[in-house]
Amino acid sequence: MAAPSLEVIAAQLESPNLRDRMIALASLRHIPAADAVPLIKKVLDDESLQLRSMAIFALGIKKTPDCYPILVKILETDPDYGIRADAAGALGYLEDNRAVEVLSRAFYEDTDWLVRFSAAVSLGNIKDPRAHDILIKALDSQEIVIQQAAISALGEIRDLDSVPHILRFAQSEDWLVRQRLAEALGNLPTPKSISALKYLEKDSHQNVAQSASISLQRLEESNNLS
């Protein structure tokens with residue numbers, strides 16, 4: 001069955017039926033970014049939050065010069081925290097280093113934890129070392145999921161200076177925090193990382209112990225340490 005034409009998709013996006021609009025938006029995944037983005041823009045202000053969320057995610061995948069400023073504006077101005085969080089997440093998919101400052105500001109200033117969580121995750125996706133300070137601050141968050149995101153992100157950006165800061169989570173009561181630590185340390189080749197991973201290999205939770213073993217193996221295979 002042939003994919004619908006751009007004209008058909010554009011018409012479907014104007015349909016009063018939400019299901020039609022959702023199907024049309026989903027069909028854009030097979031369309032080149034330059035053709036898809038103008039159509040995605042048509043539903044960015046849709047009455048359906050679900051459709052808006054899908055459209056914002058699509059802008060993170062279909063990378064054109066238009067996507068970055070649109071997502072920044074949504075992150076900074078949209079009244080719905082879920083939509084702002086979606087925009088923060090999509091900026092991470094773009095992997096545009098310009099977003100480091102924007103995401104850091106969102107982390108400091110946004111009042112909703114979900115937006116701050118998405119900002120921390122995206123800073124890891126962008127892998128820019130300038131995110132060090134904001135992610136270290138995120139470790140002190142009251143929300144455990146933000147702590148998890150910050151630990152993972154510091155591993156993603158391979159921030160060796162963060163090792164002393166994240167090792168305090170080796171005895172966290174939350175096993176997911178310990179697992180994120182074990183995973184992150186696999187990207188952080190230091191003697192302290194090795195020692196911590198050997199400790200985490202004996203963790204009472206199987207997922208943590210397994211993640212620690214995988215990270216140790218990764219460090220050994222990369223010959224980062226003798």
Side-chain angles (χ1 to χ4, degrees), residues 1-107 109-128 131 143 145-146 148-149 152-153 156 176 180 183 207:
M1 182 172 161
S5 68
L6 290 176
E7 291 76 14
V8 169
I9 295 172
Q12 275 188 300
L13 288 172
E14 302 282 358
S15 170
N17 185 299
L18 174 58
R19 184 172 179 274
D20 288 343
R21 301 198 302 279
M22 292 182 73
I23 290 172
L25 183 61
S27 68
L28 288 174
R29 67 180 176 271
H30 302 302
I31 304 297
D35 294 324
V37 168
L39 295 178
I40 295 169
K41 289 161 134 182
K42 291 167 71 77
V43 291
L44 283 174
D45 294 316
D46 197 89
E47 62 186 24
S48 165
L49 287 177
Q50 184 179 2
L51 190 66
R52 291 187 68 203
S53 179
M54 287 175 60
I56 290 166
F57 175 78
L59 287 181
I61 304 300
K62 299 290 187 181
K63 302 178 183 180
T64 75
D66 286 349
C67 296
Y68 177 79
I70 292 171
L71 291 171
V72 169
K73 182 178 180 182
I74 293 170
L75 173 59
E76 294 182 337
T77 65
D78 201 277
D80 186 273
Y81 72 87
I83 294 297
R84 296 197 306 277
D86 290 334
L91 283 168
Y93 285 114
L94 284 184
E95 298 179 334
D96 189 322
N97 291 68
R98 291 178 296 169
V100 170
E101 184 178 341
V102 175
L103 291 166
S104 297
R105 187 163 60 246
F107 185 88
E109 298 178 0
D110 204 284
T111 56
D112 193 271
W113 72 267
L114 185 60
V115 180
R116 298 197 302 274
F117 169 79
S118 292
V121 171
S122 286
L123 287 168
N125 290 339
I126 294 171
K127 298 179 174 62
D128 190 307
E143 289 89 6
V145 291
I146 293 180
Q148 294 172 9
S152 296
E156 289 286 342
L176 272 172
R180 295 293 173 266
E183 292 165 350
N207 290 24

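When a residue number appears, it is its place in the shown sequence, counting from 1.
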For the student: nearest non-hydrogen atoms of [X] and [Y], plus distance:
X: A85; Y: V115; answer: N-CG2, 3.8 Å
X: L59; Y: L94; answer: O-CD2, 3.6 Å
X: A34; Y: T64; answer: N-CG2, 4.1 Å
X: L25; Y: A55; answer: CD2-N, 3.5 Å
X: L39; Y: A10; answer: CD2-CB, 3.7 Å
X: V102; Y: E76; answer: CG1-OE2, 4.0 Å

Atom CD of E101 with >12 non-hydrogen neighbours under 6.0 angstrom: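 No.
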
Expected output: side-chain S122 to main-chain A88 donor-acceptor under 3.5 Å: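 Side chain of S122 to backbone of A88, a donor-acceptor pair under 3.5 Å: yes, one is there.
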
S118 side-chain N/O to L114 backbone N/O, donor-acceptor pair under 3.5 Å: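 Indeed, once roles are kept as given, a pair shorter than 3.5 Å links the two residues.
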
Electrostatic pair D110-R84, nearest N-O below 4.0 angstrom: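 Salt bridge present between D110 and R84.
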
Ion pair check, D66 and K41, cut-off under 4.0 Å: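 Yes, D66 and K41 are salt-bridged.
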
Candidate pair L91 and D96, rule side chain to side chain contact (heavy atoms under 4.5 Å, CB included), full reasoning: CA-CA 7 Å; L91 283 168; D96 189 322; over 6 Å; no

Sequence-distant partners of Y68, ring pair (Phe, Tyr, Trp, His ring centres under 6.0 Å), two or more places apart: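 For Y68 there are no ring pair (Phe, Tyr, Trp, His ring centres under 6.0 Å) partners, ignoring immediate neighbours.
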
From CD1 (I126) to CZ (R98), nearest 0.5 Å: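 Nearest 0.5 Å value for the CD1-CZ distance: 10.5 Å.
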
Heavy-atom side-chain contact between F57 and D86 under 4.5 Å: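 They are not in contact (no side-chain heavy atoms under 4.5 Å apart), so the answer is no.
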
Note, L44 side chain near I56 side chain (heavy atom, < 4.5 Å):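 SC-SC contact between L44 and I56 confirmed.
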
Side chain to side chain contact (heavy atoms under 4.5 Å, CB included) evaluation trace for D128 with L123: CA-CA 7 Å; D128 190 307; L123 287 168; over 6 Å; no

Working for salt bridge (Lys or Arg N to Asp or Glu O under 4.0 Å), residues R52 and D80: CA-CA 11 Å; R52 291 187 68 203; D80 186 273; over 6 Å; no

Side chain to side chain contact (heavy atoms under 4.5 Å, CB included) between M54 and R21, intermediate numbers included: CA-CA 11 Å; M54 287 175 60; R21 301 198 302 279; over 6 Å; no

Salt bridge (charged side-chain N to carboxylate O under 4.0 Å, His left out) contacts touching residues 5-14 (sequence neighbours left out):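 Non-adjacent pairs meeting salt bridge (charged side-chain N to carboxylate O under 4.0 Å, His left out): E14-K42.
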
side-chain contact (heavy atoms from CB on, under 4.5 Å) partners of A36, counting only residues at least two apart: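 A36 satisfies side-chain contact (heavy atoms from CB on, under 4.5 Å) with L28, I31, I40, K62 only.
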
